[in-house]
There are 2 protein chains.
Amino acid sequence: MKKDKITIWDVAKLANVSIMTVSRVISKKGKVKESTRIKIQDAIKELHYQPNVAARSLSGSVSYFLGLIYDNPNEAYLNQVLMGALHKCNDYGYNLIISSFESDTDGNYKIDKALIDRAKVDGIIIPPPLCDSLEILSTLTEANIPIVRIAPQTMLDYSPFVCMDDRAAAYEITEYLINQGHKKIGFIVGHPDHGASKLRFDGMKEALTDNGLALNEDYVQQGYFSYKSGSNCAETLLGLEDRPTAIFASNDDMAAAAISTAHKYGLSVPGDISVVGFDDVPLASAIWPKLTTIQQPIMAMAEKAAEFLMYPDPEKEKDNILDYKLIIRDSVAPLARTY
Amino acid sequence: MKKDKITIWDVAKLANVSIMTVSRVISKKGKVKESTRIKIQDAIKELHYQPNVAARSLSGSVSYFLGLIYDNPNEAYLNQVLMGALHKCNDYGYNLIISSFESDTDGNYKIDKALIDRAKVDGIIIPPPLCDSLEILSTLTEANIPIVRIAPQTMLDYSPFVCMDDRAAAYEITEYLINQGHKKIGFIVGHPDHGASKLRFDGMKEALTDNGLALNEDYVQQGYFSYKSGSNCAETLLGLEDRPTAIFASNDDMAAAAISTAHKYGLSVPGDISVVGFDDVPLASAIWPKLTTIQQPIMAMAEKAAEFLMYPDPEKEKDNILDYKLIIRDSVAPLARTY
DNA sequence: TGTTATAGTGTTAACGTTAACATTTTTAAT
DNA sequence: ATTAAAAATGTTAACGTTAACACTATAACA
């Protein structure tokens, strides 16, 4: 009694056309008279027909699969990328295949071509830090697979990408701190392998300079984007004789660590010390006080990346710098003036 | 100069057998003499041959795709499920297709059969809360798609599933609190739609009873697993004339909220009040003080679920209750005795 | 009016694999 | 040595779609 799988043939029969015409309608290629298109679309609806990906993929030049590869970045970051890509894929009838590319101890990536060959993906989305690995990029290019990178820092001419202006964002949040009266600003640098770390540091330094402030080397600590590294850096910063009145951590995890370290020292945040982060991951609003931070449009970047791959268009690809947003919450207080 | 796609034919020619024999080797079905198997496997390696999923899927009865559907559960939870499923899929040459099933305002799920029809998945992994929706389960069953549920709370006979013993875990962590001298224990209930909420509450009550303690209705607050709801409940609990000395929140997000609320009240944790959570999401160790909580084997559950789907085996499926772990960190202090 | 371009449609052969059945080879049993 | 059974391998036709080309109507022009 159960209906068998519905194929393009069933649709063709019902609409009284050939399967090729149906194919033209579903893949939006070639010309079909408006009236027949409607007839066919009605038939598709009536039968609840869904084209079979495997067949389309096998036969045609499009696989309807997009790949997303990742190394172990921040979990929340990955999640955002994932959700963004997923949404867009679902919208356009694509599927997303996710695969981890783990680096060996030397930081080299063993390229597992499985993803590539197995599913014949139409393109691959590459978030950081993978997007800055020449090894990966060249392998993919050789295999002739289109890629779109998310927030790459190097080799910007290598491929289409989407990003935000890290430098400008760091500049803005630093200036915000300065406007609140802070002059002694500690900075926790991000992971040296992530190009964004340098940009954020640059933006911060520039804001300092433009406001007539000098950079105090003691106030700069090298972190690695991890909570742990943030703790260590904050430990050093807060242990300083003449400690900063504000700390700018290059991501939220490290900022959260800084807050927690301050608490441990009996310092109130933002009463005794202000802290700002970067990224606006869920953690940022799950801690107390809630973090003032920069909201990265991570999901939007992933959506755009997916779009670029599904509908390549050199024109659109120039519109690839998305807006960040300064999110003011509770972790910064104006500096009480001291004479 | 570039080599064309390598197919089963190339392997067959190199190994000097028919394509069918090669097929038998790659899909591990049917009998092949050991010596020929080796010959073929060598050829596969030499050519870097990767079977084409689309073709296998189209031709055969196996699609090499597993589905994972989700409603918007806790982000960290989903991430764990995802990683677990992903790992196992990659290990066995499967691909994972992820799709969100959003409920409408009435809490009903509009079943989008796209996932099912489009990719012909071999099975679907269903985490909570979807795994307790009869609507979803019956649709999938009708469509004849194998499913494995993660931590379902109802209709346990409906399908294979993996879970942990929520009741026992809640019992154990409550008893831990009691052993630290706490008698006045506040409890923040989880979302009423998640069956786990009731189990955790039951475990808590049972521990109370077994230790000769009575349940104080004022100490029980209804939360919804969200940070916000945790804040509200903690607000009520801490505002009580005779406030509890410990709070057991049904998940980490709410526990984090409770800690943050305590801080806002000028209460030290765990000095003035102890807090425990449930789940051990990353947040649990990213806040200060670090949360004492129950570690759910979420990733392991997802891995097991994927395995069940890829290699169904009624025997193995009986071994489906995974171990939790009480993680003792810094958010609980023994109760100072007061006479 | 015929010619020519073009919009619209159809036919057939791939795509790379597995299912189902067919055949050959090996082993075991008399 | 003969036969039956089992093991190993091969042949062929799907699977559902699109590419490439072939064809037929319609429109546009001289």
Side-chain angles (χ1 to χ4, degrees), chain A residues 3-41 43-44 47-65 93-95 116-122, chain B residues 3-41 43-44 47-65 93-95 116-122:
Chain A
K3 271 178 210 160
D4 250 353
K5 206 136 266 152
I6 292 161
T7 77
I8 201 169
W9 282 100
D10 302 310
V11 179
K13 211 189 303 167
L14 182 59
N16 211 27
V17 293
S18 77
I19 52 166
M20 201 49 223
T21 307
V22 178
S23 173
R24 288 196 181 90
V25 170
I26 55 187
S27 46
K28 292 170 185 155
K29 273 182 191 166
K31 329 212 157 186
V32 180
K33 207 204 284 180
E34 190 55 23
S35 61
T36 32
R37 174 191 313 285
I38 290 170
K39 208 168 50 178
I40 291 171
Q41 269 162 347
I44 289 178
L47 296 172
H48 291 111
Y49 165 73
Q50 285 276 135
N52 176 312
V53 229
R56 299 183 81 175
S57 168
L58 183 57
S59 166
S61 50
V62 182
S63 77
Y64 297 94
F65 280 102
Y94 271 67
N95 291 110
I116 304 166
D117 298 334
R118 268 209 312 248
K120 243 177 75 182
V121 293
D122 296 330
Chain B
K3 270 178 211 161
D4 251 352
K5 206 134 267 152
I6 292 162
T7 76
I8 200 170
W9 282 100
D10 302 309
V11 179
K13 210 189 302 166
L14 182 60
N16 211 28
V17 294
S18 77
I19 53 165
M20 200 50 223
T21 307
V22 178
S23 173
R24 288 198 180 91
V25 170
I26 56 187
S27 47
K28 292 169 186 157
K29 273 181 190 167
K31 329 208 159 184
V32 180
K33 207 204 286 179
E34 190 55 23
S35 60
T36 35
R37 173 191 313 286
I38 290 169
K39 208 169 49 179
I40 290 171
Q41 270 163 345
I44 289 178
L47 297 172
H48 293 112
Y49 165 73
Q50 284 277 135
N52 176 313
V53 229
R56 301 183 80 175
S57 169
L58 183 58
S59 165
S61 50
V62 181
S63 78
Y64 298 93
F65 281 103
Y94 271 67
N95 292 110
I116 303 164
D117 298 333
R118 269 210 309 251
K120 244 178 74 181
V121 294
D122 296 331

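As the structure is a computational prediction, the values presented were derived from the model and not from experiment. We name chains A, B, ... by the order of the sequence lines, and we start the count at 1 in each one.
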Numerically ordered, the residues 21-30 of chain A set in heavy-atom contact under 4.0 Å with DNA chain C is Thr21(A), Arg24(A)
Comparing nearest nucleotides in DNA chain C, the 5'-proximal residue of the pair Val17(A), Trp9(B) is Val17(A)
Rounded to the nearest 0.5 Å, the CG atom of Asp122(B) sits from the CG atom of Asn95(B) at a distance of 10.5 Å
To the nearest angstrom, the CE-P distance between Met20(B) and dG10(D) comes to 11 Å
- [ ] Give me the ring orientation class for Phe65(B) and Phe65(A): parallel if the planes are under 30° apart, tilted from 30 to 60°, perpendicular past 60°.
- [x] parallel
The helix from dT1(C)-dA30(D) to dT30(C)-dA1(D): angle between terminal helix axes, five bp per end, to the nearest 10 degrees, reads 30°
Using a heavy-atom cut-off of 4.0 Å across all strands, would you classify Tyr49(A) as base, sugar-phosphate, or nothing? sugar-phosphate
Between Ile19(B) and Thr36(B), whichever has its closest DNA chain D nucleotide further toward 5' is Thr36(B)
In this structure, NZ of Lys5(B) is separated from OG1 of Thr7(B) (nearest 0.5 Å) by 11.0 Å
Donor-acceptor check, side chain of Ser59(B) to backbone of Arg56(B), threshold 3.5 angstrom: yes or no?
no
Sorted by chain and number, sequence neighbours left out, side-chain contact (heavy atoms from CB on, under 4.5 Å) with Leu14(B) holds for Ala43(B), Glu46(B), Leu47(B)
Rounding to 0.5 Å, atoms CD (Gln41(A)) and CD1 (Ile26(A)) come to a distance of 11.0 Å
Name the pairs: protein N/O against N/O of nucleotides 26-29 of chain D, kept only if under 3.5 Å.
none

NZ (Lys31(B)) and OG1 (Thr21(B)) are apart, to the nearest 0.5 Å, by 14.5 Å
field: Any Tyr94(A) side-chain heavy atom under 4.5 Å of Val53(A) side chain
entry: no
Nearest heavy-atom contact between Val32(B) and Thr36(B) is CG1-OG1, 3.4 Å
Of Gly60(B) and Leu58(A), the one whose closest nucleotide on DNA chain C sits nearer the 5' end is Leu58(A)
Taken to the nearest 0.5 Å, the spacing of Ile44(A) CD1 from Arg37(A) CZ works out to 10.0 Å
- Task: Please tell me if the side chains of Val22(B) and Lys13(B) come closer than 4.5 Å, counting only heavy atoms from C-beta onward.
- Result: no
The reported gap from NZ in Lys39(A) to NZ in Lys33(A) (rounded to nearest 0.5 angstrom) is 8.0 Å
Under a 4.0 Å heavy-atom criterion, DNA chain C is touched by chain A from dA7(C) to dG16(C)
Residues passing the side-chain contact (heavy atoms from CB on, under 4.5 Å) test with Ser23(B), sequence neighbours excluded, are Ile8(B), Met20(B), Ser27(B)
- Determine: side-chain N/O of Lys31(B) to OP1/OP2 of dA7(D), distance under 4.0 Å, yes or no. yes
